[in-house]
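Proteins come first, then strands; the chains are lettered A, B, ... in the order of their sequence lines, and each starts at number 1. Computed from a predicted model, the values in this text were never measured in an experiment.
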Number of protein chains: 2
Amino acid sequence: MVKRATIKDVAARAGVSIATVSNVFSGKKAVNPDLAKKVEEAAAALSYRLDRNASQLRSGRVQVVGMLVPNLDDTFFTSLVERVERLAHDDGYEVLVASSRDNPQLEISRLNALLGWRPSGLIAVPCSNAIPQPIRSEIGRLPMVLADRIGEDNLPIDTVTMDNVAAGQAAAELLIPSHRDILIAASNTAIRPIADRIAGISSVVETHYGVRPRIVELTSNINAGAEIFCDWLSREARPEGVICLTNVTTLAALQAFAALNIDIPEDVSLIGFDDYTWMTARKVPLSAVRQPVEEMGQAIWNCLSDRMAGGDVPTRHIVLPGSLQVRRSVRSSTSA
Amino acid sequence: MVKRATIKDVAARAGVSIATVSNVFSGKKAVNPDLAKKVEEAAAALSYRLDRNASQLRSGRVQVVGMLVPNLDDTFFTSLVERVERLAHDDGYEVLVASSRDNPQLEISRLNALLGWRPSGLIAVPCSNAIPQPIRSEIGRLPMVLADRIGEDNLPIDTVTMDNVAAGQAAAELLIPSHRDILIAASNTAIRPIADRIAGISSVVETHYGVRPRIVELTSNINAGAEIFCDWLSREARPEGVICLTNVTTLAALQAFAALNIDIPEDVSLIGFDDYTWMTARKVPLSAVRQPVEEMGQAIWNCLSDRMAGGDVPTRHIVLPGSLQVRRSVRSSTSA
DNA sequence: GACTCTGAGTTAAACGTTTAACTCAACGAA
DNA sequence: TTCGTTGAGTTAAACGTTTAACTCAGAGTC
């Protein structure tokens with residue numbers, strides 16, 4: 001392991017002061033082109049690379065934002081990371097990603113680790129409805145944006161979410177005309193977006209039929225969910241339509257239907273949440289509520305960079321509409 | 001924006017020297033419990049947080065590794081990131097993730113950015129067969145592990161890959177008994193893993209039937225691929241079996257088959273690469289070659305931490321076997 | 001020719017930690 | 001009593017940058 005060249009080594013080799021070397025790289029002050037060339041040659045010869053730690057420590061300017069997500073296995077979150085990373089990078093920022101693995105305790109420690117980098121901004125998708133302590137204590141000190149899983153309303157932090165209630169209503173309204181008995185397949189009914197989707201569906205179903213829809217909880221594990229659902233289907237009356245509130249529940253439901261040889265949409269109609277490419281690569285493409293990931297990423301970055309730019313921006317709570325992708329997994333009203 | 005508390009502020013408030021504060025947090029030297037408590041209280045009161053930049057700059061110890069992947073939209077890479085992040089974190093390391101977006105030029109700039117953090121190790125999945133310059137120049141200076149897309153053999157860097165040739169052979173052998181005309185649906189035949197899979201399939205097909213299998217290139221975009229494939233199917237004789245070499249090509253092929261009303265496995269058999277959960281959530285679950293992501297992540301981390309631990313470990317080239325998941329998308333020999 | 005002004009370079013002081021070297025009191029052993 | 005020895009604390013010097021303050025030659029002005 002060879003010792004790394006520092007700015008001093010470069011300065012010595014180029015026969016200039018370290019300040020000049022710094023100026024060559026930062027462009028803060030003009031330097032004579034001949035000298036600059038010498039410096040660059042010296043740097044190349046020593047394969048010098050600026051030390052971010054030293055640079056950030058001294059300058060105080062940190063072109064870094066932290067991003068916390070509940071996990072990196074869910075395409076929704078990774079897409080969000082991808083979008084934000086792209087936008088951030090275009091603006092000259094690095095993104096530090098951390099996953100809380102849906103564990104509130106780990107979430108706190110990951111947040112503390114992120115904050116130790118002294119980032120200039122923080123983006124977080126909390127893993128529960130609660131706002132974790134490290135975020136609480138940074139309110140007003142650090143530019144922050146929360147997304148997706150926001151438990152409280154009227155937080156003094158910018159938020160970006162989908163309108164889950166409306167999305168649930170839209171899904172329900174697609175089924176209503178030709179389906180009476182509607183089932184909701186949920187993952188964890190405790191977390192806010194899921195609860196909101198349920199509320200949206202329920203309100204529509206209730207006004208039309210005067211009863212609340214049935215709900216089955218399929219956990220966050222596909223195989224476990226499929227088993228639970230098979231079991232449920234063997235005990236309960238088969239619904240006419242199912243709305244699956246997450247990617248995982250959709251897959252669990254599909255597995256169960258395949259196992260029990262139940263056809264979509266002939267035997268039962270299905271609507272999923274989140275629109276994945278695999279949903280359209282089937283003989284019967286799946287209807288789904290598409291989350292506006294692209295727009296959410298954009299909104300998150302807009303909020304954050306506005307806030308990082310300083311100025312007294314009032315707190316914003318951005319709510320984006322989902323869009324219902326109507327495909328063939330829902331029986332049309334003619335056959336009702 | 002309030003100014004952040006430093007170790008000095010904590011020391012002043014607790015009435016001790018900054019060295020003592022440092023010792024309380026690092027545990028390098030014992031301190032009197034009473035004093036320690038005072039320090040902790042002071043730190044809490046000031047909501048002090050250690051500055052990583054300063055700490056790393058001074059100590060030279062950097063519990064950070066960089067990880068470069070071709071993109072964050074492909075579940076294979078994000079799974080790899082997820083596994084590595086988990087293992088790294090358990091060993092007390094932070095992972096810095098960067099995406100090259102399959103762009104060799106961006107790859108270089110992202111690598112330079114990563115290296116500017118002076119990480120203690122680097123993990124990279126190159127976006128092309130070429131080893132990017134920044135990696136080349138770190139050989140022997142920085143612990144590194146390359147994974148998946150390795151163009152050259154016998155590199156003086158640790159590598160972790162799947163045995164793509166064997167995987168291709170296994171897939172071909174599953175089809176051979178009952179399928180004569182086999183088609184390969186590839187994304188980009190230039191990159192090594194794909195080329196190897198093709199080689200594996202071709203060798204088996206050739207020894208059995210004396211001809212090389214046909215190949216169609218479907219790009220890395222699902223919708224474009226589906227269109228190309230529809231077009232291809234309208235011109236060429238329909239194959240008896242298709243082996244799709246990536247997730248994207250599998251989805252493209254499925255879309256095309258759905259559009260043309262071609263049934264699996266009645267009209268054509270299909271084998272995919274990478275085993276995703278959606279593949280089993282269908283009436284006809286898909287056969288696929290499963291990449292050992294979990295084991296690859298583990299192998300990557302093992303290699304890297306061995307190398308970071310120092311010592312003259314000889315260069316290792318770890319090749320892990322894929323596993324063929326046989327499901328119903330392949331017509332059995334009885335119907336041949 | 002004396003003057004300011006500018007531009008390009010240097011010097012040296014930070015930034016917030018860690019840590020080697022030091023101090024000093026308390027304790028035993030001889 | 002004397003003399004290490006130990007343990008717990010302090011002091012101050014780094015780490016590799018950035019940057020305010022400075023120097024100094026050369027150009028422009030009157």
In whole Å, I'd like the distance from the [atom1] atom of [X] to the [atom2] atom of [N].
| X | N | atom1 | atom2 | result |
| --- | --- | --- | --- | --- |
| B/D34 | D/dA8 | CG | C1' | 13 Å |
| B/Q56 | D/dG16 | CD | C1' | 13 Å |
| B/L57 | C/dA14 | CG | C1' | 13 Å |
| A/N53 | C/dT18 | CG | C1' | 13 Å |
| A/N32 | C/dG7 | CG | C1' | 11 Å |
| A/K28 | C/dG7 | NZ | C1' | 18 Å |
| B/D9 | C/dC15 | CG | P | 11 Å |

Quiz item: Quantified as the angle between the terminal helix axes (five pairs each), what is the overall bend of the helix from C/dG1-D/dC30 to C/dA30-D/dT1 to 10 degrees?
Solution: 50°
Quiz item: Distance from A/E107 atom CD to A/L114 atom CG, nearest 0.5 Å?
Solution: 10.5 Å
Self-check item: Which atom of B/N71 lies closest to which atom of B/F77, heavy atoms considered
Solution: O-CB, 3.6 Å
Quiz item: Would you call B/E295 and B/R83 a salt bridge, using N to O less than 4.0 angstrom?
Solution: no
Quiz item: So, A/R4 and B/E138, do they make that salt bridge, N to O below 4.0 Å?
Solution: yes
Quiz item: Under 4.0 Å between a side-chain N/O of A/S17 and OP1 or OP2 of C/dT10, yes or no?
Solution: yes
Quiz item: Which word best sums up how the rings of B/Y93 and B/W301 line up, parallel for under 30°, tilted for 30 to 60°, or perpendicular for over 60°?
Solution: perpendicular
Self-check item: Donor-acceptor contact present, side-chain B/R101 to main-chain B/P70, <3.5 Å
Solution: no
Quiz item: Does B/D91 reach the main-chain N or O of B/A88 with its side chain, forming a donor-acceptor pair under 3.5 Å?
Solution: no
Looking only at the side chain of [X] (C-beta and beyond, no hydrogens), which of the listed nucleotides [options] gets closest?
| X | options | value |
| --- | --- | --- |
| A/I18 | C/dG16, D/dT18, C/dT10 | D/dT18 |
| A/A54 | D/dT17, D/dT19, C/dT17 | D/dT17 |
| B/R61 | C/dT10, D/dT11, C/dT19 | C/dT19 |
| A/L35 | C/dG9, C/dT17, D/dT18 | C/dG9 |

Can you pull every protein N or O that's under 3.5 Å from an N or O on nucleotides 20-27 of chain D?
none

Quiz item: Relative to the 5' end of DNA chain C, which residue comes earlier, B/N23 or B/D51, by the nucleotide with the nearest heavy atom?
Solution: B/D51
Practice problem: Check if the side chain of A/R58 and the base of D/dT18 share a donor-acceptor pair of N or O atoms closer than 3.5 Å. | Solution: yes
Quiz item: Hey, which of A/D153, A/T161, A/D148, A/N129 is the one that makes side-chain hydrogen bond (donor to acceptor under 3.5 Å, both in side chains) with A/R192?
Solution: A/D153
